[in-house]
Amino acid sequence: MQDKFSQASVPQPLLSDQELLDLVQKQTLKYFWDFGHPDSGMARERSHGNGASYDSEHTVTTGGTGFGIMAMIAGAERGFIPKNDVRERIHKICDFLDSSPTYRGAFPHFMDGRTGETIPFSKLDDGSDLVETSFLMAGLLTARQYFQDPALTQKINTLWENVEWDNHCHKDGLMWHWSPNHSWTEDSLPISGWNECLITYIMAASSPTHAINKSIYEAGWTKSEEFLNGKSYYGIELPLGPEKGGPLFMSQYSFLGLDPNGLYDGHTNYFRQKKNHTLINRAHCIENPNEYKGYSENCWGLTASDNHEGYSAHCPINDLGVIAPTAALSAFPFTPKESMQALRHFYEDRGDEIWGEYGFKDAFSDEHNWVSEGNLAIDQGPIVVMIENYRSGLLWNLFMSCPEVQMGLNKLSFDSPHLISKSAHQNKTIAP
């Protein structure tokens, strides 16, 4: 990654929009490429402790690795990283995952990047994390479609087919966690909509070996009290989700690979849902009812991130005066004009404070005179991926080309321009 952008530690003036997008993607990608764990190739959870109880040097994240795989594919396609080197990195990740403990085929939230051993997320959450596993598998399937490498395909298919999605059903739907020591507990958490977990149900419905049926999706996801909304905020209708939409990651994580353009399931047009959620979040920052310093039409974006006291899922109803650049930048496909305004403000006006080794720092607060010292994988990955989807649709096209995903979407009665007929799927196999 050595070129005119590789040493960019301070803002460069007068960049065109395309040059600025190149710079942000390339610098942010370093989090996964340069800072990836040396033994496993996985993404480290964070680059700075910020009070975390775990060893940030060796704690790697399954979901963040899935995001990072997609980010590295974007980097390979743009020539930021050699494609063969990215291929080898993903082989390394697959070999590490194959030798690591799983729980009903699913991976834990955190792992030791040296050994693969599970790092418990909490006292009772010491086994599988189905949501993080779905983010990981989405990234791996995207890599399978991109590289078309028989050896890599075989490794990815083995990991994918081993996940027992159907054995993570309990009561009326999928459960977030399962523990080999505690089974189902109060920390198991039903996966119910609306939030960032739509992709988990789609992956579960798409599995060639352990699929769930549509009734599980409906009972666990769409019948939730927080699934439908239908209210308007700032004159903008929000079809799904909690009051004022919640943190912006809810509109981003599932849609790194899942293309919302033309995606419809009888409840909403998902591109409209993503755009309106983003605009409501921005409108709240412009209104700024708490009168926090720094908020404006160019400085907006509330989502889960580090803050001056630790970590929180920031949103209009949990607004602590903390702006996370990932919130606006990962919304590029939905609000390109507004996101570019925010990007130019972050880089040109605030770059001396918040631009660093891995792109923009995780978050900042003028109200509390605070800037994060580091970065988080789950915040850096979506920046690269969603800017690429805005520019080319690359990750959307790759993920949506997976025959299993198309079958799963058909099963759940989704419509999408990417879908082909069910009979065509029946005649299409995936080579090992």
Side-chain angles (χ1 to χ4, degrees), residues 1 25-26 28-45 60-100 102 105-108 110-116 132-163 199 203 206 253 256-258 358 377-378 380-385 388-389 392 394-405 430-432:
M1 298 176 70
Q25 284 187 290
K26 182 173 294 188
T28 307
L29 182 58
K30 288 184 174 187
Y31 185 92
F32 301 97
W33 190 248
D34 296 347
F35 189 58
H37 195 279
D39 296 325
S40 63
M42 299 268 285
R44 289 180 166 107
E45 165 70 5
V60 298
T61 166
T62 48
T65 295
F67 297 171
I69 288 170
M70 289 187 179
M72 288 188 286
I73 290 169
E77 186 67 9
R78 291 211 167 260
F80 299 157
I81 315 171
K83 184 173 180 178
N84 283 338
D85 290 355
V86 175
R87 185 202 318 264
E88 290 308 308
R89 174 70 66 88
I90 298 174
H91 269 288
K92 181 177 184 177
I93 290 170
C94 288
D95 290 341
F96 177 79
L97 290 170
D98 187 57
S99 65
S100 299
T102 60
F107 290 92
F110 290 152
M111 305 164 69
D112 188 311
R114 299 163 294 185
T115 66
E132 295 287 310
T133 296
S134 68
F135 297 153
L136 174 63
M137 291 300 149
L140 288 172
L141 289 183
T142 301
R144 184 191 74 186
Q145 299 301 101
Y146 181 66
F147 288 105
Q148 298 290 311
D149 174 339
L152 184 59
T153 292
Q154 185 170 18
K155 292 178 182 180
I156 290 171
N157 284 351
T158 297
L159 295 169
W160 161 230
E161 292 170 6
N162 283 345
V163 181
I199 191 65
M203 299 301 284
S206 301
Y253 289 178
L256 301 188
L258 183 65
Y358 304 123
I378 57 173
Q380 298 308 96
I383 294 174
V384 181
V385 173
E388 189 57 44
N389 280 330
S392 71
L394 174 68
L395 292 316
W396 283 340
N397 290 332
L398 288 168
F399 179 76
M400 297 295 283
S401 73
C402 295
E404 309 100 309
V405 171
I430 302 168

Pair Thr28-Gln380, side-chain donor/acceptor within less than 3.5 Å: no

Electrostatic pair Glu404-Arg144, nearest N-O below 4.0 angstrom: yes

Does any N or O in the side chain of Thr133 come within less than 3.5 Å of the main-chain N or O of Phe107, such that one atom is a donor and the other an acceptor? yes

Smallest heavy-atom separation, Thr142 atom then Met70 atom, equals OG1-CE, 3.4 Å

For the student: nearest non-hydrogen atoms of Ser206 and Trp160, plus distance: O-CZ2, 3.6 Å

Side-chain touch Asn389/Asn397, heavy atoms, less than 4.5 angstrom: no

Tell me whether the guanidinium CZ or amine NZ of Lys83 lies under 6.0 angstrom from the six-membered ring centre of Tyr146 and within 45° of its axis. yes

Nearest-0.5 Å distance that lies between atom CZ in Phe32 and atom CZ in Arg44: 12.5 Å

May I ask you to test the Leu256-Pro382 pair for a side-chain heavy-atom distance under 4.5 Å? yes

Evaluate side-chain contact (heavy atoms from CB on, under 4.5 Å) for Met72 paired with Val384, printing each intermediate quantity in order. CA-CA 9 Å; Met72 288 188 286; Val384 181; over 6 Å; no

Correct closest heavy-atom pair for Gly139 and Ile69 would be O-CG2, 3.4 Å

Is His37 reaching over with its side chain to a backbone N or O of Met42, donor-acceptor style, under 3.5 angstrom? no

Can you find a pair of side-chain heavy atoms, one from Phe35 and one from Lys30, that are under 4.5 Å apart? no

For the residue pair Tyr253 and Phe135, does the interplanar ring angle fall in the parallel (under 30°), tilted (30 to 60°) or perpendicular (over 60°) class? perpendicular

Evaluation steps, side-chain contact (heavy atoms from CB on, under 4.5 Å), between Asp112 and Val60: CA-CA 6 Å; Asp112 188 311; Val60 298; over 6 Å; no

Taking the side chain as everything from C-beta on, heavy atoms only, tell me whether Glu388 gets closer than 4.5 Å to Leu395. yes

Using a strict 4.0 Å threshold on nitrogen-to-oxygen distance, state whether Lys155 and Asp98 make a salt bridge. no

Search all heavy atoms of Ala377 against all heavy atoms of Gly64 and return the closest pair with its distance. CB-CA, 4.1 Å

Is there side-chain contact between Thr153 and Phe147, with heavy atoms separated by less than 4.5 Å? no

How close do Val385 and Phe67 get, heavy atom to heavy atom, and via which atoms? CG2-O, 3.8 Å

Spacing of Ile90 atom CD1 and Ile156 atom CD1 [to the nearest 0.5 Å]: 6.5 Å

Walk me through it: do Thr61 and Met111 pass the test side-chain contact (heavy atoms from CB on, under 4.5 Å)? CA-CA 6 Å; Thr61 166; Met111 305 164 69; over 6 Å; no

Does the side chain of Thr158 come under 3.5 Å of the side chain of Gln154 through a donor N or O and an acceptor N or O? no

Working to the nearest 0.5 Å, report the span between SG of Cys94 and CG of Asn157. 10.0 Å

Under 30°, 30 to 60°, or over 60°: which ring-plane class applies to Tyr358 and Tyr31, parallel, tilted or perpendicular? perpendicular

Do Arg89 and Asp85 come within less than 4.5 Å of each other through their side chains, counting heavy atoms only? no

Could you grab the distance from atom CD1 of Ile199 to atom CE of Met137, nearest 0.5 Å is fine? 12.5 Å

Test side-chain contact (heavy atoms from CB on, under 4.5 Å) applied to Asn162 and Thr102, step by step: CA-CA 9 Å; Asn162 283 345; Thr102 60; over 6 Å; no

Considering non-hydrogen atoms only, spot the tightest contact between Leu29 and Gly75 and give its length. CD2-CA, 3.6 Å

State, yes or no, whether a side-chain contact exists between Leu136 and Leu97 at a heavy-atom distance under 4.5 Å. yes

Can you tell me how far apart CG (Leu152) and NE2 (His91) are? Round to the nearest 0.5 Å. 4.5 Å

Hits for side chain to side chain donor-acceptor pair (under 3.5 Å) against Asn84, two or more places apart or cross-chain, chain-then-number order -> Arg87

Are the side chains of Phe399 and Gln145 in contact, using a 4.5 Å heavy-atom criterion? no

